[in-house]
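Working notes, structure below.
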Amino acid sequence: MPIWSIALLVIILILLAVSLYAGHLFFNIACAAQKPLAMEEHTDDGTSPWKDFEQQHKEDIDYVMNLPCEETDIQSNDGLRLHARFIPAEGKAERMILCAHGYKGTAEGDFGRAVHFFHKNCSMLLIDERCCGKSEGQYITFGAKEKEDVILWEEWLEKKNTEHLPVYLYGISLGCATVLMCSDYHFSKDVKGIVADCGYTSMKSILGSLAWRWYHIPGWYITPFVDIWCRIKGHFAMNDADAEKALRSSNLPVIFFHGTKDDFVIPENSKNNYAACTAKKELYMIEGAIHAVALNVDPDTYTVKTEAFFKENDRKGETE
């Protein structure tokens, strides 16, 4: 074999090894479970855009944690113990809401504001996503397996829902993408719609976007190598986490919210999800809101539009 051929082969093998190593590093950064950062850890230097909501965030968490609740566990399809808290409505329940929180977040952290506004007449199931809170797990799968967990939680809620109240899936960030990935699933007729707050279109798109914005690595280059490790270590494929694909066959109405200043999951994600959705849909861009604070920034628009969405869809499907 000519020397130039050997040299070329060596270079290719080195590049492949480096790429596999980079993919492994990025997989661990993105998917490996770790203790979520508290908000105060983000705001020590006073520069985080979250600083404006820090006090309200703490008060919301305290509010949720002091409400009476039923703590419960289920087992995932891959044998993990998953935890949730069921918070009964303050008054007579008119509906039930299953809440899926964001990336490495907490249910009380992401839904403190929402519980404050909606639990007066809504019973709420706050789930701990796999790897978060009291739920077990080693790897976050960006919706690939979390969507199966949501389906199991809805089945739990269905048994609880003896009065057949309307049920809604409500997600923020990763939780939003997850519930959107369930939009083509045929739930019981009690499930009436989805509230989708700042979700991404797919695992591939969000990791590709972050790789470029954070590390200046082209997404098209790094994601195939990340996918290899997803399959080897996480036992899932990146293509399994695709909200946009599910929305093309959606059978649930969806109300979308997204902040115009979101620099984590950029607003185009919700615009693309909205465009893909084949079911009845609404989209509200909350001016000036960064990631996951649309409800904090414009509570009037958010709550009025959501309540109207609930009332419009509560009774749908009952005669079908």
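Counting begins at 1 with the first residue of the sequence. These figures come from a predicted structure and were not determined experimentally.
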Residues that [X] engages under side-chain contact (heavy atoms from CB on, under 4.5 Å), provided they are two or more places apart:
X    : result
K120 : E90
Q138 : none
S183 : I194, A246, L247, S250
H235 : K145

Share the residues that join L25 in a hydrophobic cluster, the rule being Ile, Leu, Val, Met, Phe, Trp or Tyr side chains under 4.5 Å apart at the heavy-atom level. Y21
Pairing residues for [X] by the side chain to side chain donor-acceptor pair (under 3.5 Å) criterion, not counting sequence neighbours:
X    : answer
Q56  : N296
N272 : none
Y284 : E282
E136 : none

Selection residues 251-271 - residue pairs positive for side chain to side chain donor-acceptor pair (under 3.5 Å), sequence neighbours left out: H258-D262, H258-S270, D262-H291
Just jot down the salt bridge (Lys or Arg N to Asp or Glu O under 4.0 Å) partners of E108, sequence neighbours excluded, or say none. R85
Could you pull out all residues at least two apart from E71 that satisfy salt bridge (Lys or Arg N to Asp or Glu O under 4.0 Å)? K134
